[in-house]
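These notes are about the structure you will find just below.
These figures come from a predicted structure and were not determined experimentally. Residue numbers begin at 1 in each chain, while the letters A, B, ... track the order of the sequences.
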Number of protein chains: 2
Amino acid sequence: MARPPARPAGEKSTREQILDVALELFTANGYEKTSLREIAERMNFSKAALYYHFASKDDILLALHLRLHEIGQAGLERIEMDRVRPADWVRMIDEFVDLLLENRQLFMFHLRNHAALENLQNHEHDGANQDIEERARRLLSDPGIPQARRLRLSFALGAVMIGLVMSGDLFASTPTEELRVELRSVVRDILEPGGVSPDADRESSQLLPR
Amino acid sequence: MARPPARPAGEKSTREQILDVALELFTANGYEKTSLREIAERMNFSKAALYYHFASKDDILLALHLRLHEIGQAGLERIEMDRVRPADWVRMIDEFVDLLLENRQLFMFHLRNHAALENLQNHEHDGANQDIEERARRLLSDPGIPQARRLRLSFALGAVMIGLVMSGDLFASTPTEELRVELRSVVRDILEPGGVSPDADRESSQLLPR
DNA sequence: GTCTATATTTCGATAGAC
DNA sequence: GTCTATCGAAATATAGAC
């Protein structure tokens, strides 16, 4: 076992601190608009010092991609996306909502820098079907599922994603739990309009005040 | 009246052609990653020539912003957002869906380059409440409306936007009309779950195949 | 309106001292 | 691990001829 460096508990390595700063700046201003000088200034050391910890700017982006990838993999297990059948879609997106709410910043980083992340070389596009994003793409492209249902599934995902973005902006003061409840409720209304599964646990609180 | 330059009908000015190219490249690759050299190459003339038509790169971005702004203004009139009451929300978003479907590329350009557009100086932020985006923001922040309803409104907007993005990607082969019908249907399911207004013209075609 | 040539700036990256 | 100094590339922008 390689021994992790001795460091006071609760204190992050310089490398992790750099990643935290980069995550913040990339999310706020975008990968292209964020310069290494900017990151270095926030770290209170010179630009060249960054190159001791990372081989290149792309390497920083890659490390952040890996952070997200690991979370995505863990999410895949939780969601058990392999064996997901149409009847499980609501549960699947519920898990997805939880995953997003637990990792808001990383997710918003991914939304904002989607293009830059795609341009990373490393990507083993051996059709691995390993990535959570690729898995979703397959599901939404599956010709064995009626088009209307796939469209609705994508709309549900869209509502969830935008809901998350808004939560960090317009609804910053809204408690996470209220967001979660309302998001789950909306997912049901999209995927099971009219309450197809009346036995399902509909968590929605306050609906429309007629 | 300043007379527009004499030009064969149906032929665009060089300036407009530049804007078309820029719109395409900014949408595909982003504002920061698109260089003036790239635009000039596509126009088959030199980079310097661009500066005859535009004072700066930002000036090109500004011109595209104005294109979008005009459409937004026209949309505001169509939607009559001033006098919109909660009961009109579904109709309002229906109009919004139409507006988006008619201006997909400009809208996707705006989504992708939202940050760059915000950084444009010009923005008269005199709280003008003139922009369609600002108007929506106010609506979603109005404390006079129950939080749950505002959340649902934002989710509906999110579903519509993502639906549009997907339409250019995963659902590129889906006819516009099918998209429009399904989008409208979903908006109703989000804003009026359970069919609050049974007399409303629900256009949804094929719902869930139980 | 478009060209060539060049100024100016910024950025990612490297070399080598400490 | 961090520094100073600098390189080379690419970008925006300008000057001035045609």
Side-chain angles (χ1 to χ4, degrees), chain A residues 2-8 11-26 28-65 113 115-117 119-122, chain B residues 2-8 11-65 112-113 115-117 119-122:
Chain A
R3 168 158 43 97
R7 210 178 319 101
E11 190 168 320
K12 287 185 175 180
S13 68
T14 304
R15 185 185 161 94
E16 288 301 311
Q17 289 180 47
I18 293 173
L19 286 179
D20 287 343
V21 168
L23 176 60
E24 186 184 329
L25 293 177
F26 290 171
N29 309 322
Y31 178 68
E32 278 90 13
K33 278 204 76 169
T34 303
S35 67
L36 295 181
R37 181 188 56 76
E38 220 175 332
I39 297 176
E41 269 176 11
R42 282 275 283 267
M43 292 296 298
N44 290 314
F45 57 47
S46 80
K47 196 175 55 170
L50 286 176
Y51 281 88
Y52 175 82
H53 301 277
F54 294 94
S56 67
K57 191 184 178 186
D58 271 8
D59 197 36
I60 299 180
L61 188 64
L62 179 62
L64 288 176
H65 164 73
N113 300 97
L117 285 166
N119 287 349
L120 276 181
Q121 300 309 349
N122 186 284
Chain B
R3 168 158 43 97
R7 211 179 318 101
E11 190 168 319
K12 288 183 174 180
S13 68
T14 304
R15 186 186 163 94
E16 288 301 311
Q17 289 180 48
I18 292 173
L19 286 179
D20 288 342
V21 169
L23 175 60
E24 186 184 330
L25 293 177
F26 290 170
T27 305
N29 309 323
Y31 178 68
E32 278 90 13
K33 279 203 76 170
T34 303
S35 67
L36 295 181
R37 182 189 56 75
E38 222 175 329
I39 297 176
E41 270 176 11
R42 282 275 283 267
M43 292 296 297
N44 290 313
F45 55 50
S46 81
K47 203 174 46 173
L50 286 176
Y51 282 89
Y52 174 80
H53 300 277
F54 295 94
S56 68
K57 190 185 179 186
D58 271 7
D59 196 35
I60 298 180
L61 188 64
L62 180 61
L64 287 176
H65 164 73
R112 165 118 200 210
N113 300 97
L117 285 167
N119 287 348
L120 276 181
Q121 302 309 349
N122 186 285

Could you give the [atom1]-to-[atom2] distance, from [X] to [N], as a whole number of Å?
| X | N | atom1 | atom2 | result |
| --- | --- | --- | --- | --- |
| H53(A) | dA13(C) | NE2 | P | 16 Å |
| F45(B) | dT4(C) | CZ | P | 13 Å |
| I60(B) | dT12(D) | CD1 | C1' | 11 Å |
| L61(A) | dG12(C) | CG | C1' | 14 Å |
| D59(B) | dT12(D) | CG | C1' | 13 Å |
| N44(A) | dG1(D) | CG | P | 17 Å |
| L50(A) | dT4(D) | CG | P | 13 Å |
| I18(A) | dG12(C) | CD1 | C1' | 15 Å |

Pairing of R42(A) and E24(A) as salt bridge, 4.0 angstrom limit: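 Judged by the 4.0 Å cut-off on N to carboxylate O distance, R42(A) and E24(A) do form a salt bridge.
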Carboxylate-amine/guanidinium contact E41(A) R37(A), below 4.0 Å: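 Result for this pair is yes, salt bridge flagged.
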Side-chain (Q17(B)) to main-chain (K12(B)) donor-acceptor, under 3.5 angstrom: yes
Sugar-phosphate, base or nothing in reach of Y52(A), heavy atoms under 4.0 Å: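 It contacts base atoms.
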Sugar-phosphate only, base, or nothing, as touched by T34(A) at under 4.0 Å among non-hydrogen atoms: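 Contact class for T34(A): sugar-phosphate only.
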Reading 5' to 3' through nucleotides 13-18 of chain D, protein heavy-atom contacts under 4.0 Å coded B for base, S for sugar-phosphate only, - for none: BBB---
Test: K57(A) cationic atom under 6.0 Å from Y31(A) six-membered ring centre, within 45° of axis: yes
Separation between CD1 of I18(B) and CD1 of I60(B), rounded to the nearest 0.5 Å: 6.5 Å
Selected nucleotide, minimal atom distance to T14(B) side chain, candidates dC3(D), dC11(C), dT2(C): dT2(C)
Full working for side chain to side chain contact (heavy atoms under 4.5 Å, CB included) between N29(B) and E38(B): CA-CA 11 Å; N29(B) 309 323; E38(B) 222 175 329; 3.7 Å; yes
Phosphate contact (dA11(D) OP1 or OP2) by R37(B) side-chain N/O below 4.0 Å: yes
dT2(C) phosphate, OP1 or OP2, under 4.0 Å from S46(B) side-chain N/O: no
Sub-4.5 Å side-chain heavy-atom contact between T27(B) and R112(B): no
